[in-house]
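Okay, structure first, notes after.
Keep in mind it's a predicted model, so treat the numbers as computed, not measured.
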2 protein chains.
Amino acid sequence: MNSPVTPARRATIRTVAQAAGVSTATVSYVLSGRSGKAGSPGVSSQTELRVRQAALGLGYRPNQAARTIRTGKSNLMMLSLTMLSDPWSLSVSKAVGAAVADVGITPMILADTDWRTAIRRQGADVVFIDAADQEGDAGLLAELAGSNRLVVFSETLEPNGFDVVRSMAGTTMDQAMDHLTATHTKVAALASTSSLKNARAGRYGAYVRGLERAGLALQDKYVATFDGDELSAYQAAVQLLSQPDPPTAIFATSDFVGIAAIHAAQRLRLSVPEDVAVVGIGNTLQGEAMAPSLTSVGPAGFFDGLARFLVDRAKDPSAPAQVLEFPWQLFVRDSAPGSTH
Amino acid sequence: MNSPVTPARRATIRTVAQAAGVSTATVSYVLSGRSGKAGSPGVSSQTELRVRQAALGLGYRPNQAARTIRTGKSNLMMLSLTMLSDPWSLSVSKAVGAAVADVGITPMILADTDWRTAIRRQGADVVFIDAADQEGDAGLLAELAGSNRLVVFSETLEPNGFDVVRSMAGTTMDQAMDHLTATHTKVAALASTSSLKNARAGRYGAYVRGLERAGLALQDKYVATFDGDELSAYQAAVQLLSQPDPPTAIFATSDFVGIAAIHAAQRLRLSVPEDVAVVGIGNTLQGEAMAPSLTSVGPAGFFDGLARFLVDRAKDPSAPAQVLEFPWQLFVRDSAPGSTH
DNA sequence: ATGAAAGCGCTAACAG
DNA sequence: CTGTTAGCGCTTTCAT
C-alpha cells in the first residue's frame, strides 16, 4: 500500500525522464517515434527500451495540447456537418472514417452547430464546412482561413485561402428530369421551402425547366414543400400522393427527401417504381443501399474523393488552395428504372 | 499596399499588448473576460477598450492549445457514438447540442471510431462513451479515467473513477412483450446477431421469457436476425413478413430496428399497426416523430438528462464519480396501440 | 489598476 | 548517442 500523498498527478515527459534516468529530450525522441528518422538523432535501443518501460510503468500519456502548441499540428480533422441525420452527412463521416485509418488523424464531427462560432474556439489541422453558399460567409471564411485550413463545400464560392469542393452538377439534373418526363406526365417536385426562393435557379429550377422542355404545365398541386427534416419531407410526400390524381413520378431535391418519399409511397400501399417513380439528388450511400435503391444524380466517387482530399490537407495544411470538382452523373437505379419496364 | 514581409503570422496576446501599449497580463484579463470578476484585478474601461480594439484590428484569436495547457480545461466535450446513424446517437447529439447553447462548451462527435485509441490522442473536459459493456473495457476505462473525465453508458459496469449512465430497464421489456402478447399470438423478434449469444439475457431474453409467460412457443421462423445496420434490419424484416403465415407483431430490439420494420411492412403493403404491430426499444426522438409513431420502451427524459449531466461534468470535471439512472417505462404509441383498437 | 515574470508539457536546435 | 536550453501562447501570482 503506497500512500497516495500526491493525488495521482499525471505523468509528464519529465517524470518519465527521471524514472528512466535520461533527459527529457531523449524521452521526447523515443515517445514521439522519431528516434532514427532523418534529421533527428538516433537513440540506442537500450535507452529506448528503458524509456518505454518507464513510460508504461508510469502510465504516461502525451499531453496533446502541449504538443500542439509546440508543433502547430493538432492531428485533428474537424467536420462541420449541418444536418447530421442527412445521409449525405453520414456518408461523409463514413468515408472519412475509412480514410483516416492508420493515418494518425482523428476526425471529429461538429454536429448541427454553427461553425461560425465554433471554429473560433477550436482549431484543427483541417476543417471541412458543408454549408456555406451564402454570400455573407465569403469574408468570414477568408478571415478564418488565416488560422485554419478550411475546405468548404460550395457551388458558388471561389477559393480564397481556403479550398472549395464543388460537385459539378452541369446538366445532370436536367437529365434526371428528362429521365422522368420520358415516361411520365404527372411529375411532382418535393422541395425544401428555402429552395423555392429562386424559382429558376438550383434544384427546383431544374424541375421547372424540365417540365418546360417536356411541354408539361407547372401545377401547384404537384409542388410540395417541406421544412428541412425527414418527417416534414415524409409528410409532404404523403400529402402529394394522397390527393386525387396523384403524380406518378417525384423529383426530390435531396436523397433523404427521395428516401422519405419512397417510405411515404409504401406507407400508402403504392409500389415504387410501378405506381410512382422517385429520383433523388446527391447519390448517397444510403440511397444506393435502400430497397428499392434510389435513382439519383450526383457526383461519382465523391465521398471517398473528398475524404482523401481532407486527409491530404490535414497532412500538409500549407498546400495551395484549390478547387476540387466532382462531375455529376445520373445513376439509374430501381426507384426510377427508365423506359425498360 | 502594405508589403506582407511577414507571412501573416497569427496575432498573439503579445502582439495585441504591444499594439494597445499594455502588458500581456492586461490583455489576458480583458480577453478572457474576467476583468472585474472576484479574485481578479479590475481593468479600467479605457484600457479595456484599447485592448479590445487592438485585438479586433489584428484579428486576434486566442490559441486554444495554449489556454488548455495552462488552465487544464479544453472546453471540449467529446461524444463517442459507435453507430452514428442510429437514432439513439442522433438523439444524444441533438440533446447535447441544445444543452451546450450559451455555455462555452463545444461538443464534438467521435463517430464510428474506436474510442480506445482515439481518447489516448485527444483529450476533452468530459468524454461520453456510448458502448462499453464488455468486461475487457473495465480496466482500460479505469486507467483512462485518470486523465479524462469519462461518462460511460453501460448497464453492467460500476463507476470507478468514471461515471456510469444507466437506463434501468427493470421489467419494462417484459411489459412490452406482455403488451404484444395480450392481443397477438404470432409475435416475432428482430434481433441483432450479437444479441443472440445469450439466449436468456438482454433484449432477446425478454422476448423469450415473454413468449413463455404467454404460453406461446418459441419458433425459429419468428426469430429474424440482422447484422447491425439499417439495411440489414430492413431486409430481415422483409423476410420475416413475406413468409407464409407471417407474424402479426414484431418485438424489435432497438428503435432503429423498429423503424426499419415499419418501413418494411409498408413496403409490403401491410398496415401498421392493423396488419402488424411493432414495438422498439430505446424511446428515441426519431421513433416518436415518425408516422406511425413507434411504441417503445425506454428511459423517460433520458437524452436531455444525459446532456445536462455531461454539461455539468464538463464544467466541474472533479466531481465525484456516480451512477446516473433513468428508469424505463413503456411508451404506447401508434405502431402498437394496445387493445383499444 | 497595471506590469514583470514564472511556468504549463512539450519539441527542436544546438552542444557536447 | 545524449543532455541543455530556449521557447510555443497563454494564465496567474506577486509586486508595484
Side-chain angles (χ1 to χ4, degrees), chain A residues 9-52 54-55 58-75 104 120-123 147, chain B residues 9-52 54-55 58-75 104 120-123 147:
Chain A
R9 189 141 185 59
R10 182 166 161 176
T12 78
I13 204 179
R14 194 140 38 219
T15 330
V16 177
Q18 283 171 348
V22 297
S23 78
T24 60
T26 306
V27 175
S28 175
Y29 283 132
V30 172
L31 264 33
S32 46
R34 57 195 142 68
S35 353
K37 298 286 188 206
S40 294
V43 174
S44 78
S45 49
Q46 306 182 27
T47 40
E48 168 154 0
L49 190 67
R50 284 222 312 288
V51 170
R52 288 206 185 288
L58 290 161
Y60 167 81
R61 302 199 305 98
N63 180 321
Q64 254 304 141
R67 188 171 278 182
T68 297
I69 199 185
R70 195 64 244 261
T71 60
K73 293 212 58 164
S74 61
N75 297 319
R120 300 209 117 89
R121 288 210 288 256
Q122 285 306 139
S147 33
Chain B
R9 189 142 186 59
R10 181 165 163 178
T12 78
I13 204 178
R14 195 140 41 219
T15 330
V16 177
Q18 283 170 348
V22 297
S23 78
T24 60
T26 306
V27 175
S28 176
Y29 284 133
V30 172
L31 263 32
S32 46
R34 52 192 147 68
S35 357
K37 298 288 189 206
S40 295
V43 173
S44 79
S45 48
Q46 306 182 25
T47 39
E48 168 154 1
L49 190 67
R50 283 222 314 287
V51 170
R52 288 206 185 288
L58 291 161
Y60 167 81
R61 302 197 305 98
N63 180 320
Q64 255 303 140
R67 188 170 278 182
T68 297
I69 200 186
R70 198 61 244 263
T71 61
K73 293 212 58 167
S74 61
N75 296 321
R120 299 210 117 88
R121 287 210 290 255
Q122 285 308 139
S147 34

I'd like to check A/N75 versus A/Q64 (side-chain heavy atoms, cut-off strictly below 4.5 Å). Are they in contact?
yes
Could you check B/G21 against B/A66 and say which one's nearest nucleotide on DNA chain C is further toward the 5' end?
B/G21
Minimum-distance nucleotide to B/R14 side chain [options: C/dA5, D/dC8, C/dC8]:
D/dC8
For B/S44, what residues pass the side chain to side chain donor-acceptor pair (under 3.5 Å) criterion, not counting sequence neighbours?
B/T47
Looking at residues 67-75 of chain A, who's got a heavy atom less than 4.0 Å off DNA chain C?
A/R67, A/I69, A/R70, A/T71
Measure the distance from CG on B/N63 to C1' on C/dG9 and round it to the nearest whole Å.
14 Å
Nearest 0.5 Å, what's the CZ-CD1 distance between B/R67 and A/I69?
12.0 Å
Taking all non-hydrogen atoms of both residues into account, name the closest pair between A/L31 and A/R52 and its distance.
CD1-NH1, 4.1 Å
Separation of D/dT2 C1' from A/E48 CD (nearest whole Å)
14 Å
Using a heavy-atom cut-off of 4.0 Å across all strands, would you classify B/S28 as base, sugar-phosphate, or nothing?
base
Which residues pass the side chain to side chain donor-acceptor pair (under 3.5 Å) test with A/T71, not counting sequence neighbours?
none
Per B/S23 side chain, nearest of listed nucleotides C/dG3, D/dC10, D/dT11:
C/dG3
Please list every donor-acceptor pair under 3.5 Å in which a side-chain atom of residues 13-22 of chain B meets a protein atom from a residue at least two apart or in another chain.
from: B/T15; atom 1: OG1; to: B/T12; atom 2: N; distance (Å): 2.9
from: B/T15; atom 1: OG1; to: B/T12; atom 2: O; distance (Å): 3.3
from: B/T15; atom 1: OG1; to: B/T12; atom 2: OG1; distance (Å): 3.3

Between C/dC10 (P) and A/L31 (CG): distance, integer Å
9 Å
Hey, are the side chains of A/V51 and A/Y29 touching, using non-hydrogen atoms and a 4.5 Å cut-off?
no
Here the distance between atom C1' of D/dG3 and atom OH of A/Y29, to the nearest Å, is 10 Å
Here the distance between atom P of D/dT5 and atom CD1 of A/I13, to the nearest Å, is 16 Å
Does D/dG3 have OP1 or OP2 sitting under 4.0 Å from an N or O in the side chain of A/T24?
no
Angle between the two end axes of the helix from C/dA1-D/dT16 to C/dG16-D/dC1, five base pairs per end, rounded to 10 degrees?
40°
I'd like to check the side chain to side chain donor-acceptor pair (under 3.5 Å) partners of B/R61; sequence neighbours left out, ordered by chain and number.
A/S147, A/N148
Listed partners of A/R50 passing side chain to side chain donor-acceptor pair (under 3.5 Å), at least two apart
none
So which nucleotide from D/dT11, D/dG3, C/dC10 ends up closest to the side chain of B/S32?
D/dT11
Side chain of B/V22 - closest among C/dC10, C/dG3, D/dG9
C/dG3
Integer-rounded Å distance: D/dG9 P and A/Q64 CD
17 Å
